[in-house]
Amino acid sequence: MTSDIILTGDRTTGKLHLGHYVGSLRSRVELQHVYPTFILLADVQALTTHFEHPRLIADSVRQVALDYLSIGIDPERATLFIQSMIPEIAELTQYFSMFVTVNSLRHNPTVKSEAKERGYNDLYYGFLGYPVSQAADIAFCKATLVPAGEDQIPHIEQARKIVRRFNELYRPVFKEPRILIGGRLTGLDGGSKMSKSLGNALYLDSSREEVELKLAKAKTDPARVRKDDPGHPDICPVYEYHRHFRPEQCADIHKLCSKGAIGCTDCKRLATQAVNELLEPLRERRGTFAGRMKHIDEILVEGTRKARAAARETMLEVREAMGINYFGD
């Protein structure tokens, strides 16, 4: 049995999309059969950018849980839990924040790029401290593996530094986590990665008609004007759908596109077919679970209970290491 533990999750700011699926959801389904797995619904971290819309976050908790179950996350194998219901994570975040410099947070590339994307001139305390909170998410259950996208590399590196510093200051309690990098899917606008905030996403609960409509409007190779012009599939966002969802046929598409032997309309039609084939079993499972919302609540309550038990054990070690476990319990 492996000694590694997985921690992964998503901010509850709305439904999940194909970018999440390519980035880490797909691998989570496989990894839950190999490693003990904790999956958090990060409602506290959702507040870093959506603090004015707590209702959206509360509604999204169940929607994201529904997404997890529809893709094949098994609550008998993976522990699904709600971040805000684990007070020990908040406590550990506070302890970690005592020895993390503001400078290191300001220079975190992911923090900088997201602040620019959102037009933040003055950074809120919670937004700036996101990487510290994320380090506590990872450490509370002593996770060592974090499936995530490339944009999370700076956060995981910061988490490594934080737990290393804790171990040096007090005593070794944590192992340094490692990232398991997933794929990346460009948004339908062709400009950047798929993102809820940029409005360029294709959601996991999309109907067949929505998939067809959105992919029909997706950006393609901007240099290709006529159907028989040689294309450049390596810079075409739609070709990414072939790579991720039609891997066995993507070499053929690459060859045909490069020679101008297939037009963008036909290319999109094949990509649409592949996406709908992927989503069809998800739609079926989602429909089943959507009719049993009380059961979803039970899954979240039980998962949160398990996560809280792990958190209590870790925090006993943390307080003892720091010498602040005053009465021995």
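No experiment lies behind these values; they were computed from the predicted model shown.
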Could you tell me whether the side chains of [X] and [Y] share a donor-acceptor contact shorter than 3.5 Å?
{"X": "D74", "Y": "Q32", "answer": "no"}
{"X": "D43", "Y": "T12", "answer": "no"}
{"X": "R285", "Y": "S70", "answer": "no"}
{"X": "E240", "Y": "T186", "answer": "yes"}
{"X": "D234", "Y": "H254", "answer": "yes"}

Discussion item. Quick check on the hydrophobic clustering: are L180 and V29 connected, directly or via other members, by side-chain heavy-atom contacts under 4.5 Å?
Written reply: no
When you compare the side chain of [Y] with that of [X], does any pair of heavy atoms fall below 4.5 Å?
{"X": "N276", "Y": "E212", "answer": "yes"}
{"X": "I138", "Y": "I156", "answer": "yes"}
{"X": "P233", "Y": "H242", "answer": "no"}
{"X": "Y130", "Y": "T110", "answer": "no"}
{"X": "Y170", "Y": "V318", "answer": "no"}
{"X": "D10", "Y": "L41", "answer": "no"}

Worksheet item: Is the ring centre of F140 less than 6.0 Å from the ring centre of F81?
Response: yes
Under a 4.0 Å N-O cut-off, is there an ion pair linking [X] with [Y]?
{"X": "R178", "Y": "D4", "value": "yes"}
{"X": "R224", "Y": "D229", "value": "no"}
{"X": "E91", "Y": "R319", "value": "yes"}
{"X": "R171", "Y": "E320", "value": "yes"}

Practice prompt. Please determine which of M322, K142, M315 meets the side-chain contact (heavy atoms from CB on, under 4.5 Å) test together with V173.
Written response: K142
